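Heavy atoms only: backbone and side chains are in, while hydrogens, waters and symmetry mates are out. Just so it is clear, the model here is predicted, and its values are computed rather than measured. Positions are given from 1, in the same order as the sequence printed here.
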Amino acid sequence: MSQLQRIAIAPSQFQQGQILLTKEQQHYLGRVLRLREGDRFIAMDGMGKWWLVQLAGEQAEILEPLLVETELPVAITLMVALPKGNGFDEVVRCCTELGVTCIAPVLSDRTLLHPSPQKLERWRRIAAEAAEQSERSFVPTILEPVAFNTAITANQTSHRYICEARGAYPHLNKVLNNISSEIVIAIGPEGGWTIQEIENAESAGFQPVSLGRRILRAVTAPIVALSLISAACEV
């Protein structure tokens with residue numbers, strides 16, 4: 001099964017044991033992947049369900065459900081200040097592969113990028129593609145960008161951390177103990193968080209942590225944080 005191609009399907013495409021394929025999916029399966037009538041592939045709804053299906057013209061016939069166990073035992077919300085340029089594309093792609101559950105882009109005091117609605121659509125498409133590639137059961141949720149001070153008060157889970165490159169803070173891998181269900185990790189922009197933002201986060205229940213002695217790029221830091229968390233929590 002691991003060698004079969006995988007595509008993400010919207011719930012509205014399921015009808016009476018069959019999947020109605022969009023024009024884009026038909027093109028991708030037929031012209032790009034070179035699948036023919038009767039060939040099999042895997043359909044995933046991005047919410048935990050996979051099916052073995054068979055191509056049949058403009059639709060796919062469902063043959064059987066599949067059991068896939070690729071998710072981490074904890075839900076990870078990545079709260080990340082938007083980096084400049086297209087750097088967030090790589091953050092979404094890599095962190096999806098590493099097992100992130102939700103990505104919450106935030107606008108900090110030093111954020112330079114103010115994205116358009118088209119950017120959000122692009123990030124969600126990248127997340128779906130990365131989930132397919134990495135055989136995830138779920139496609140991560142990509143939230144609409146909000147102000148950092150709004151985001152830190154919205155999530156009230158007990159395990160909340162904010163990464164800061166400068167300061168005598170404990171390393172993230174030293175505090176990842178007894179996390180049973182959910183964790184929130186906040187990563188700053190180019191130039192890091194402001195002192196006021198760190199203080200606001202602490203007041204909201206976030207614990208400042210370090211990712212090491214080196215100064216990481218805004219695109220590298222989320223990937224390092226997710227790697228550490230997934231390594232600590234993987235069963």
Side-chain angles (χ1 to χ4, degrees), residues 2 6 46 48 68-106 108 111 113 123-143 148 151-152 155 157-193 198 201 206-235:
S2 61
R6 300 170 297 276
V68 181
E69 298 179 336
T70 56
E71 296 301 312
L72 293 171
V74 298
I76 306 171
T77 295
L78 172 65
M79 187 181 299
V80 55
L82 287 168
K84 61 185 178 182
N86 292 322
F88 198 68
D89 292 8
E90 192 66 13
V91 171
V92 171
R93 182 176 294 106
C94 291
C95 291
T96 295
E97 293 178 20
L98 289 166
V100 74
T101 307
C102 175
I103 300 178
V106 297
S108 71
T111 296
L113 177 68
W123 296 331
R124 288 172 174 167
R125 185 170 64 252
I126 290 172
E129 293 170 353
E132 293 171 13
Q133 181 275 323
S134 56
E135 299 189 12
R136 292 279 306 272
S137 297
F138 291 85
V139 176
T141 300
I142 312 295
L143 302 178
F148 174 66
I152 58 177
N155 194 303
T157 184
S158 57
H159 300 288
R160 290 180 286 174
Y161 305 98
I162 181 167
C163 296
E164 173 55 32
R166 305 184 190 280
Y169 301 119
H171 197 287
L172 176 61
N173 66 5
K174 301 296 184 182
V175 301
L176 295 174
N177 299 316
N178 302 318
I179 297 175
S180 58
S181 59
E182 186 177 359
I183 180 174
V184 178
I185 187 83
I187 308 288
E190 291 88 352
W193 303 108
I198 293 289
F206 281 75
Q207 177 183 348
V209 294
S210 166
L211 292 178
R213 298 175 181 176
R214 291 149 301 284
I215 303 300
L216 303 176
R217 292 189 307 129
V219 173
T220 307
I223 299 170
V224 171
L226 261 291
S227 298
L228 290 169
I229 296 169
S230 61
C233 299
E234 191 87 68
V235 176

What is the minimum heavy-atom distance between [X] and [Y], and which atoms define it?
X: P170; Y: P208; value: CD-O, 3.8 Å
X: E190; Y: L82; value: OE1-O, 4.4 Å
X: F138; Y: A131; value: O-CB, 3.9 Å
X: L228; Y: H171; value: CD1-CE1, 3.8 Å
X: S134; Y: A130; value: OG-O, 2.7 Å
X: A218; Y: P189; value: CB-C, 4.0 Å

Side-chain donor-acceptor pairs of residues 97-106 under 3.5 Å, sequence neighbours excluded:
residue, atom, partner, partner atom, Å
T101, OG1, I76, N, 3.0

Spatial distance of atom CG (L216) from atom OG (S210) [nearest 0.5 Å] |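 Taking CG in L216 and OG in S210, the distance rounds to 8.5 Å.
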Here the gap from C163 atom SG to Y169 atom OH, rounded to the nearest 0.5 Å, amounts to 11.5 Å
Test item: S230 side-chain N/O and L226 main-chain N/O as donor-acceptor pair under 3.5 Å = yes
So, does R160 use its side chain to make a donor-acceptor pair with the main chain of V184 at under 3.5 Å?
-> no
So, using side-chain contact (heavy atoms from CB on, under 4.5 Å) as the criterion, who are the partners of [X] when residues are at least two apart?
X: N86; result: D89, K119
X: A165; result: I215
X: E90; result: R93, C94, V219
X: A127; result: V92, T96, V139, P140, I142

Residue pair [X] / [Y], side-chain heavy-atom distance below 4.5 Å:
X: L172; Y: I185; result: yes
X: L143; Y: W123; result: no
X: Q207; Y: V175; result: yes
X: I183; Y: I229; result: yes
X: Q133; Y: E129; result: no
X: V74; Y: E182; result: no
X: F206; Y: I198; result: no
X: M79; Y: I152; result: yes

Can you name the residues that form a ring-ring contact (aromatic ring centres under 6.0 Å, His included) with Y161, not counting sequence neighbours?
-> none
Quick one: list whatever passes salt bridge (charged side-chain N to carboxylate O under 4.0 Å, His left out) with E71, sequence neighbours left out.
-> R136
How would you list, by chain and number, every residue that makes a side chain to side chain donor-acceptor pair (under 3.5 Å) with S108, sequence neighbours excluded?
->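 Here the qualifying residues are T111.
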For residues 208-218, pull every pair meeting salt bridge (charged side-chain N to carboxylate O under 4.0 Å, His left out), keeping only residues two or more places apart or in separate chains.
-> none
Check step by step if side-chain contact (heavy atoms from CB on, under 4.5 Å) holds for V91 and I223.
-> CA-CA 7 Å; V91 171; I223 299 170; 5.6 Å; no
